Colleague: 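Have a look at this one.
Not measured: the values here are computed from a predicted model. All heavy atoms count here, side chains included; hydrogens, waters and symmetry mates do not.
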Amino acid sequence: MIKRVVLFLGGVMGMLCMSVPVQAHGTTADTITKAMLRETPPESYKIDMDMQRNPKDGEYARFFLEDEIQVVKIEIDENNLNYLLQNADQKPSVMTNSVHIGDESIGYAGLKTKGSYTLEHTFTEIGNDRFSFTINFGKYVKEEKYGENQNFYGCKKISFNNFFFDKSMMREFFSLKLLSEMGLPAPQYGIAKLYINDAYYGVYFMVEGLDQALVAKHQKIKRKEVGEYITKPENTALVYDERLDRFCREDGSFDLSTVLKQDKNGIYHASGILEDSSYLWEEDEDTLQDVAQTLPTVLVWQKKLNQLASGKAFDGTALDVNSEKYIELLNEIMDVDEVVCYFATHSFLVQLDDMFVEQHNYGLYVDDNGKAVILPWDYDLSFGCYYPSTSELTANFDIDMMYKGGDERFFGATPLSAEEIYSQFPLFYVIYQNTALMEKYHGYIRECTKIAALGGTTARGKSYEPAWFNSYIEKMQPALEEAAAEELAENVSYLNRTRQPEDLVRALPNLAKIIAMRSVGVLSQTDKMDVTVSGEGCDLSTLGNAVMGENARGGKLAAVDAATGIFITADYGAEKWSSPSPVLNVEEMGKQEEIFGDIMKKTGCEESELTVYSMSDKSTPESGYRLYVPLGNSAKGKEVSLYSYEAETETATELSVTVDDALYSADTDSIQYIAVIKETADGAGNTKALWITVGVLAVLALAGAGVWLLRSSNA
């Protein structure tokens, strides 16, 4: 009987679906063909020459707002829009009428859909047109007709990503912020509200395209000086195919005609061995045409990279990988320091949808002299949301591991060592096998902790406040919530079962927590603290594409407060399921509170010098705590003291402090109330001592004056 009812309901639903046409994609049920498109700007169109800029000056960066949400409006012929949406999975390009970014407008840019996995899954959502898009400002306005290729203040392309995997809407924002702050050639980025023909498509991540403009800005050269080879390698470890040696000239160079063939129309096609190496141009025929002339240079670069990875000089002789000569040769094919910094920052971000696992998601530029630059790209699955997928595993993920350990799909059934795995990836192995470069790698990843959560001054001389990334969440969340709550167009909804702004509100506190936890997890490894950061209180699943997971309940554990960067470590004894995992809660006390006044009296400090934190731990350690208080710039030029205050006994105990940059640590039996006293100091001591000295001198001066007057009167 039940089966019959199900079949009956299924038949009814089938008839309903047949009687009501389902609109797949677009704003019309009519099929739009390419012949119906508007593809040429009007004859009267002129480039706005005031807008044309050299990308090396980076003027377009101001449109990627620092801590606000940009507004982008696209106006486009309805046929062009519907053709794009109906054929979105094919990534067609169509011409817009205009694009407005902030208070600036540019005409007749190209618009296309983008993505791979996310594009495929967006296209299968019937009636939902929230695709990711790319705008190409010069697609239809070319030099041969208009005098130059049109750009937007030096920028050629901007992409708008649809947050398919990111319910927080800020995961990639912080990834690129960290990469930028580390001095790497990261694209410009921001968050935008996107409208197409006045219909609201929602909140998007706005990011500069991988293009000559990015390289020109980074290297501060003219676009014309940038080589043609800028691409995103796919499905490759960049291992050189030694069969290509047969095509080498005596000087080690390659002849283009031996590796590529041109047809009668001048179109390049891969031939012979390179047919199996299409990864060099993203497995895309259009990209092949763009990079074809530079492939001989790239092949020479690739061969040299693999020679160094194998411990050989460019002439094939054996080479000590820890020698100065090795570093010298490595610098000929890349900026070694920059590449080390890239991999260290990448490791901090725990983005394993990368070159070591899926063999993609980075840009590669090789200039005409055969020197490479790695361009960071695609961090929407950072902070462990691809793997390892739980907060505690992500926080403590091995800083030397950028792969899925023991994953049979990639490395076979028998677990391999890091040495064995990285030897298959020459782009990183040339770093990994050199002791000095790995020491530098560990130094850079430690600097990431200062920028993201713990504060301090980096080797580049820039200082950061504790919980710096968290401060961006606090500034941007209200506007982001408002933008995410705005009513979407009829044919648009947030993807992957996301409900906004509800999911955003749940995700952002957990994003702040995982950033702080990862910072402490990295610091514990670089400083050999031998602790595990507790993931308790951070539900990574709220960010999207992750799970909640279990957390440790015993052993030497650490817990961190995301709003201040303050953290503790302690020994919680044997692990028991009945014991809770540690969670640190920190609140700064107001100056009007009674406890604040009591501590001020006990310590004898001024109100302006004192900060008091009320703290609690969800668990109870076997003994005391090691307390870490990051103070950033507020401690510069100050003498800092830490006190533990017991309210019941009204006892203030000064702690013995260790200082590392702007991170102050001390052992304490209690964290109930922690007082931080910052007294202004000069070269001779602190302010109090200075004023006491001044007072004593004043008294002596007055006494001296009195004696002189007395002697004068007696005379």
Colleague: Closer than 3.5 angstrom, by distance alone: can the side chain of Asp129 be matched with the main-chain N or O of His25 as a donor-acceptor pair?
Modeller: no

Colleague: Working to the nearest 0.5 Å, report the span between CE of Met182 and CD of Glu447.
Modeller: 5.5 Å

Colleague: Is it the case that the ring center of His346 lies less than 6.0 angstrom away from the ring center of Tyr362?
Modeller: no

Colleague: Strictly below 4.0 Å, N to O, side chains only: are Arg223 and Asp211 in salt-bridge contact?
Modeller: yes

Colleague: Without swapping roles, check the side chain of Tyr342 against the backbone of Pro185 for a donor-acceptor pair under 3.5 Å.
Modeller: no

Colleague: Only one of Glu104, Glu59, Gln52, Arg53 passes side-chain hydrogen bond (donor to acceptor under 3.5 Å, both in side chains) with Tyr153; say which it is.
Modeller: Glu104

Colleague: Would you please say whether a donor-acceptor pair under 3.5 Å links the side chains of Asn197 and Glu78?
Modeller: yes

Colleague: Just checking Tyr201 against Tyr195, ring centres under 6.0 Å apart?
Modeller: no

Colleague: Using a strict 4.0 Å threshold on nitrogen-to-oxygen distance, state whether Glu43 and Lys145 make a salt bridge.
Modeller: yes

Colleague: Assess whether side chain to side chain donor-acceptor pair (under 3.5 Å) is satisfied between Thr287 and Thr231, documenting all intermediate values.
Modeller: CA-CA 8 Å; Thr287 307; Thr231 186; 5.6 Å; no

Colleague: For residues 30-41, dump all side-chain donor-acceptor pairs below 3.5 Å to protein atoms at least two apart in sequence or in another chain.
Modeller:
residue : atom : partner : partner atom : Å
Lys34   : NZ   : Glu39   : OE2          : 3.1
Arg38   : NH1  : Asn97   : OD1          : 3.0

Colleague: What is the distance from atom CG of Asn128 to atom CG of Leu85, rounded to the nearest 0.5 Å?
Modeller: 10.5 Å

Colleague: Cationic tip of Lys475 within the cone over Tyr472's six-membered ring, i.e. under 6.0 Å and within 45° of the normal?
Modeller: yes

Colleague: Any chance you could lay out the side chain to side chain donor-acceptor pair (under 3.5 Å) test for Ser463 and Lys636, step after step, and finish with the verdict?
Modeller: CA-CA 10 Å; Ser463 295; Lys636 282 190 175 180; 2.9 Å; yes

Colleague: Report yes or no: does Ser175 contribute a side-chain atom to a donor-acceptor pair with the main-chain N or O of Arg171 at less than 3.5 Å?
Modeller: yes

Colleague: Between atom CG of Leu381 and atom CG of Asp353, what is the distance when rounded to the nearest 0.5 Å?
Modeller: 5.5 Å

Colleague: Do Ser168 and Asp166 have a side chain donor and acceptor closer than 3.5 Å?
Modeller: yes

Colleague: Are Tyr45 and Tyr108 close enough that their ring centres sit under 6.0 Å apart?
Modeller: yes

Colleague: Under 6.0 Å between the ring centres of Tyr386 and Tyr379?
Modeller: no

Colleague: Using the six-membered ring of Tyr200, assess whether NZ or CZ of Lys193 lies under 6.0 Å from its centre and within 45 degrees of the ring axis.
Modeller: yes

Colleague: Can you see whether Thr294 engages Glu228 through a side-chain donor-acceptor pair at a distance of less than 3.5 angstrom?
Modeller: no

Colleague: Side-chain atoms of residues 505-519: list all donor-acceptor pairs with protein atoms under 3.5 Å, sequence neighbours left out, distances to 0.1 Å.
Modeller:
residue : atom : partner : partner atom : Å
Arg506  : NH2  : Asp503  : OD1          : 2.4
Asn510  : OD1  : Asp539  : N            : 2.9
Asn510  : ND2  : Arg506  : O            : 2.9
Asn510  : ND2  : Thr542  : OG1          : 3.1
Lys513  : NZ   : Gly537  : O            : 2.7
Arg518  : NE   : Phe348  : O            : 2.9
Arg518  : NH1  : Thr394  : O            : 3.4
Arg518  : NH1  : Ala395  : O            : 3.4
Arg518  : NH1  : Phe397  : O            : 2.7
Arg518  : NH2  : Ser347  : O            : 3.0
Ser519  : OG   : Ile515  : O            : 2.9

Colleague: With rounding to the nearest 0.5 angstrom, report the CG to CG distance, Asn161 to Asp380.
Modeller: 7.0 Å

Colleague: Could you tell me if the ring centre of Phe174 sits under 6.0 Å from that of Phe469?
Modeller: yes

Colleague: Donor-acceptor pairs under 3.5 Å, side chain of residues 135-142 to any protein atom, not counting sequence neighbours: which ones?
Modeller:
residue : atom : partner : partner atom : Å
Asn136  : OD1  : Gly138  : N            : 3.1
Asn136  : OD1  : Lys139  : N            : 3.2
Tyr140  : OH   : Ser93   : O            : 3.3

Colleague: What residue among Tyr204, Phe173, Phe160, Phe63 forms ring pair (Phe, Tyr, Trp, His ring centres under 6.0 Å) with Tyr189?
Modeller: Phe173

Colleague: Is the shortest distance from a Lys or Arg side-chain nitrogen in Glu181 or Lys450 to a carboxylate oxygen in the other one below 4.0 Å?
Modeller: no

